[in-house]
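Whatever order the structure lists them in is the order used to number ligands and atoms, beginning at 1.
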Amino acid sequence: MPELVFFSGTMDCGKSTLALQIEHNRSARGLQGMIYSRNDRAGRGKLSSRLGLVTEAVEAADDLDFYAHVVDHLSSGGRVDYIIADEAQFLAPEQVDQLARVVDDLGLDVFAFGITTDFRSKLFPGSQRLVELADRIEVLKVEALCWCGARATHNARTVDGRMVVEGAQVVVGDVRGETGGEGAERPAEVGYEVLCRRHHRRLQTAATAHAAALSPDVLPVDAQR
Ligand SMILES: Nc1ncnc2c1ncn2[C@@H]1O[C@H](COP(=O)(O)OP(=O)(O)O)[C@@H](O)[C@H]1O
Ligand SMILES: Cc1cn([C@H]2C[C@H](O)[C@@H](COP(=O)(O)O)O2)c(=O)[nH]c1=O
C-alpha cells in the first residue's frame, strides 16, 4: 500500500540526510523520484544535508499544487515512482492535502521530512497537517543533543547565543557550533540551537549556561538542571 510518511525530528537530526539516502537507494534500483524542497539553506531548488550532499529539487513555493504538478509530469510522458518533500514544515496545509491525494489517487509513496515545532514550541501549519494526515510518523533515531547531554526535543532561535521568543515563525537559518560572545563588534547573529524541554522552557542555551557557570554568584550549572 502506498503511504504518506512524515519523518520528523528537531533541526540537525539527519532528516535531509535520510531523504537523500532514500532517494539514493531507490534510484539505484531504477526508480524515479520527484524531489521537492522549500527554503533549503543551500538555496532555491536544492535539497541539502549538513553531511555535504546536495541534490536538485523542485522548489515547493506557495503556489505549487503538488497533485497537479505530478499529474502534469505523468501526462507529458514523465515517470514518477515516489515523492520526497523536504522542509515540509513550510508547506501550506492545502499542499499537504495534495500530497495525501497523490498517495490515494495516484498510488505513489510520499516521504515528507520536517521539524514539527517552531522556536516557540508551536506546531508549524504544514507539520500539523502532516500529523493529522500521515499514515505513519517516524521520529528520527539519531538524536540531537542538548548542551546538557539530554536528548534535544525542541528548537530554539538564538540571537548571539541568547534564546529569543518573539519573531516571525519562518526565518531560514542554521544551528551554530559556536556562538559569538557578548559585545562582539558585528551585527547580531540569528541562529538556532536544539535543546531539551527543560532548558527550552528556561531559555537556557549553551552560551547562557556557560556564562552562568563562569559567574561566581550562581550555583554550578549541574545544580540548576
Ligand atoms: N562533520 C560531521 N561528521 C559526521 N556527521 C555529521 C557531521 N556534520 C553533520 N553530521 C550529521 O548530520 C546531521 C545533520 O544532518 P541533516 O540531514 O543536515 O539534518 P536535518 O535535515 O535534520 O537538519 C547531524 O545530526 C549529524 O548526525
Ligand atoms: C525552529 C525554526 C526553524 N526554522 C527554519 C530554520 C531552518 O532553515 C529550517 C529547519 O531546517 P533543518 O534542515 O531541519 O535544520 O527551519 C524556522 O524558520 N522557524 C523556526 O521556528
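Listed by chain and number, residues touching ligand 2 at under 4.0 Å (heavy atoms only) are Met11, Asp12, Lys15, Arg41, Arg50, Glu87, Gln89, Phe90, Ile115, Asp118, Phe119, Phe124, Asn155, Arg157, Gln169, Val170, Val171, Val172, Gly173, Tyr192.
Residue contacts with ligand 1: Gly9 is excluded, as none of its non-hydrogen atoms falls under 4.0 Å.
Polar contact with ligand 1: present for Gly14 (N/O pair, distance under 3.5 Å). Polar contact with ligand 1: absent for Ser48 (N/O pair, distance under 3.5 Å). In terms of polar-atom proximity, Arg41 is not counted as a contact of ligand 1, lacking any N or O under 3.5 Å from an N or O of the ligand.
Distance remark: protein heavy atom not present below 4.0 angstrom from atom 1 (N) of ligand 1. The presence of a protein heavy atom under 4.0 Å from atom 14 (C) of ligand 1 is confirmed.
For the residue pair Ser37 and Ala57, the shortest heavy atom distance occurs at N-CB, 4.0 Å. Of all non-hydrogen atoms in Asp65 and Gln98, the two that sit nearest each other are CA-OE1, 3.2 Å. Annotation for Phe124 and Phe90: closest pair CE2-CE2, 4.1 Å, computed over non-hydrogen atoms. Minimum heavy-atom separation, Gly45 to Glu59: N-OE1, 2.8 Å. Taking every heavy atom of both residues into account, Gly9 and Cys13 meet most closely at CA-SG, 3.8 Å.
Lys46 and Glu56 are joined by a salt bridge, as a carboxylate oxygen and a charged side-chain nitrogen come within less than 4.0 angstrom of each other.
In this view, Arg79 and Leu31, Gln32, Asp81 satisfy the side chain to side chain contact (heavy atoms under 4.5 Å, CB included) rule, not counting sequence neighbours. The side chain to side chain contact (heavy atoms under 4.5 Å, CB included) search around Val142 returns none, not counting sequence neighbours. Among residues two or more places apart in sequence or in another chain, the side chain to side chain contact (heavy atoms under 4.5 Å, CB included) test is passed with Asp174 by Arg41, Arg50, Arg176.
For atom 5 (N) of ligand 1, the nearest non-hydrogen atom of the protein is Leu51 CD2, 3.3 Å. Here the protein heavy atom with the shortest distance to atom 27 (O) of ligand 1 is Val142 CG1, 4.1 Å. For atom 25 (O) of ligand 1, the closest non-hydrogen atom on the protein side is Asp12 O, 2.5 Å.
Remark: ligand 1 atoms within the under-4.0 Å shell around heavy atoms of Cys13 are 19 (O), 20 (P), 22 (O). With ligand atoms numbered from 1 in the order given, ligand 1 contributes 16 (P), 18 (O), 19 (O), 20 (P), 23 (O) to contacts under 4.0 Å with heavy atoms of Arg50. Remark: ligand 1 atoms within the under-4.0 Å shell around heavy atoms of Thr17 are 15 (O), 16 (P), 17 (O).
Counted by atom type alone, Glu87 and Gln89 present one or more donor-acceptor pairs between their side chains at under 3.5 Å. Side-chain contact check for Glu132 and Gln128: at least one donor-acceptor pair (N or O, by modelled atom type) lies under 3.5 Å. A donor-acceptor contact under 3.5 angstrom links the side chains of Asp118 and Gln169, judged on distance only.
Residue-level proximity to ligand 1 for Leu140 is absent, since no heavy atom of it falls below 4.0 angstrom.
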